[in-house]
Number of protein chains: 2
Amino acid sequence: MDDFNDLIYFAAVVEHHGFSAAARATGIEKTRLSRRVAALEQRLGVRLLQRSTRSLALTDAGERFHLHCLAAVESARVAYAHMADLRREPVGTVRMSCAQVMAQNYLAPILPNFLTQYSKVNLILDATDREVNLIEERIDLVLRSRIEIENSAGLVARPLAEARRLLVASPTYLRKINPPSEPRALSKCDTLGRPVEMFDGQIRWELNGPEAETVSVQVSPRLVTNDLRLLLKAAIHGVGIALLPEQIVANALKTDLLAQVLPNWTTTTHHIYLLYPSPRGMLPSVRSLIDYLLIHLPISLQKHSIKN
Amino acid sequence: MDDFNDLIYFAAVVEHHGFSAAARATGIEKTRLSRRVAALEQRLGVRLLQRSTRSLALTDAGERFHLHCLAAVESARVAYAHMADLRREPVGTVRMSCAQVMAQNYLAPILPNFLTQYSKVNLILDATDREVNLIEERIDLVLRSRIEIENSAGLVARPLAEARRLLVASPTYLRKINPPSEPRALSKCDTLGRPVEMFDGQIRWELNGPEAETVSVQVSPRLVTNDLRLLLKAAIHGVGIALLPEQIVANALKTDLLAQVLPNWTTTTHHIYLLYPSPRGMLPSVRSLIDYLLIHLPISLQKHSIKN
DNA sequence: AAAGACTATTGCATTAGAGCACTAATCAGC
DNA sequence: GCTGATTAGTGCTCTAATGCAATAGTCTTT
């Protein structure tokens with residue numbers, strides 16, 4: 001079952017009642033039509049067209065073959081047309097993945113509007129904290145927050161924003177204990193952490209001092225969760241000291257529900273970025289979501305700081 | 001909508017989960033698969049497969065495209081399989097054409113048996129006296145009786161038998177008139193002819209004498225018909241002199257219902273032959289009919305002489 | 001943890017197919 | 001009845017796709 005194009009050529013010749021006519025109509029050289037149909041007949045071992053030097057007509061076999069050809073060619077035509085449709089406007093399903101935290105805090109406020117705006121685009125959002133395999137799990141787009149922007153081969157990383165992380169606690173709690181004046185003092189405080197920070201049952205925080213010195217402290221957390229809202233609430237309730245993204249705590253700091261701890265010490269800032277496979281042949285549906293996120297996510301990060 | 005083969009390549013890659021696997025399974029070089037699928041994607045402007053150097057997975061678009069591909073490839077496969085079936089054994093419809101005379105006299109006795117023998121072969125027999133166009137009317141096989149075997153380009157002419165034609169009349173009629181002793185005397189006799197012999201309201205008979213001399217006589221016919229049985233009956237009834245094929249009159253001569261006129265003079269013998277388009281790619285169905293006729297028609301011509 | 005095995009892809013020489021001009025043969029019209 | 005136009009098919013040159021060998025990268029196994 002070799003050359004599939006011959007079916008098209010044959011169908012064209014039949015449709016236009018002759019090689020020359022088909023050549024004129026399709027733009028394919030008639031010599032090619034002639035040769036390919038001849039080759040097809042030889043492969044089949046069946047005469048499809050009965051030809052004299054001037055006229056030609058279908059064989060009985062040719063007629064049957066032509067019927068199947070039409071079906072095949074039509075299927076192919078539909079396949080092409082369908083792809084053209086996908087390329088014309090944003091339609092279809094986009095698969096996206098990000099950490100649960102980000103889905104809840106950053107995407108939730110803006111995604112509904114995207115779906116309203118692009119009514120033909122469906123979205124599958126896999127909110128999971130595990131490392132996803134972009135290719136095997138057929139993910140079109142990943143939103144990530146990491147210290148280093150990963151630059152895998154064939155993947156595009158598009159930075160969206162920086163996420164400074166601040167050590168915070170409730171003023172009440174700070175008044176209760178001796179507020180730490182240098183990193184090592186943290187080990188005596190109650191702390192709140194996230195699973196990704198865990199190492200050997202303890203949380204490790206890297207802090208950069210005012211003179212660029214780096215101190216790594218290990219603290220035993222009283223609460224470990226990947227739910228940032230929960231951490232925020234626990235901190236506000238005075239459970240302990242938490243290391244949280246600037247965007248998350250901004251509101252609480254402003255209203256004095258939280259206060260910064262060791263404000264002169266900073267942690268490595270996280271980069272929030274989009275990760276997606278090569279843009280070559282990217283569909284408008286994916287493109288539209290990326291564009292939408294590039295515009296609205298930075299704004300979302302600033303405005304939608306979490307209320308108490 | 002260019003290269004149709006790419007659909008096959010793509011379908012193969014999807015089916016076998018990878019370029020290398022598809023290459024092993026189909027025998028197509030993996031480099032070709034890789035390049036053709038890449039070209040297909042570029043033409044579509046859509047990524048079908050998301051690949052890393054080692055693994056690969058379908059895109060959403062790719063999955064949809066694959067569905068259509070399967071339909072197209074399947075149609076093509078069926079088309080090929082169908083032709084293979086036709087080639088395997090005699091099946092399908094064979095179109096044949098011949099003069100009404102021959103259908104009635106020569107084919108009628110033997111065709112039913114052919115249809116019994118080859119139960120999967122259907123036959124369309126166009127019994128017409130007009131000149132058929134083998135190609136335009138999609139005729140697979142023609143049985144003809146002509147003075148000269150035509151040797152058209154691209155057509156095969158297969159001689160079956162000679163048909164001498166004899167001048168005959170009923171003994172009763174011959175007794176009534178002066179039996180002609182030389183061709184020119186025929187113009188005073190009553191004659192029976194066929195439309196093909198007509199020229200300018202008269203019938204022209206070419207007669208070859210015992211010393212190879214040729215005489216062309218024109219006679220005014222009393223009856224003109226292409227129904228040989230009718231001519232035979234008219235001759236037996238004593239309407240006049242007829243020029244009929246040897247096979248047709250053999251029985252009547254034997255039983256003295258007819259007698260030969262001018263027995264020393266002969267007419268140009270007719271050649272009975274099969275005419276069919278080039279045997280290249282000929283189907284078993286047609287082949288079987290030709291073979292059957294080559295065996296049984298000559299016998300039919302001898303045995304089945306028409307009974308009074 | 002490192003190496004081996006396997007993946008998709010690319011460079012380059014070669015072959016197979018494409019296109020042009022032309023031929024043989026047929027049909028239409030004067 | 002012959003000429004002109006049109007048909008399918010063919011020879012030859014050249015382009016473009018193919019196949020081989022090698023590359024870069026990834027996953028698995030020892």
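A, B, ... follow the sequence lines: proteins, then strands. Residue 1 opens every chain.
Side chain to side chain, A:Y9 and A:R32 meet the donor-acceptor criterion of an N or O pair below 3.5 Å. Side-chain polar atoms of A:R43 and B:Y80 form a donor-acceptor pair below 3.5 angstrom. Residues B:S145 and B:H270 bring a donor and an acceptor atom of their side chains to less than 3.5 Å of each other. The closest side-chain donor-acceptor pair between B:R24 and B:S20, if any, does not fall under 3.5 angstrom.
Residues in residues 33-65 of chain B take part in these ring-ring contact (aromatic ring centres under 6.0 Å, His included) pairs, two or more places apart or across chains: B:F10-B:F65.
With rounding to whole Å, A:L33 atom CG is found 14 Å from D:dT7 atom C1'. Regarding A:L40, its CG atom lies at a distance of 14 Å from the P atom of C:dG17, rounded to whole Å. Rounded to whole angstrom, the span from the CG atom of B:L155 across to the C1' atom of C:dT26 amounts to 13 Å.
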With sugar-phosphate taken as primed atoms, P, OP1 and OP2 and all else as base, the protein-contact string of nucleotides 8-22 of chain D at under 4.0 Å (heavy atoms; B, S, -) is BBBB------BBB--

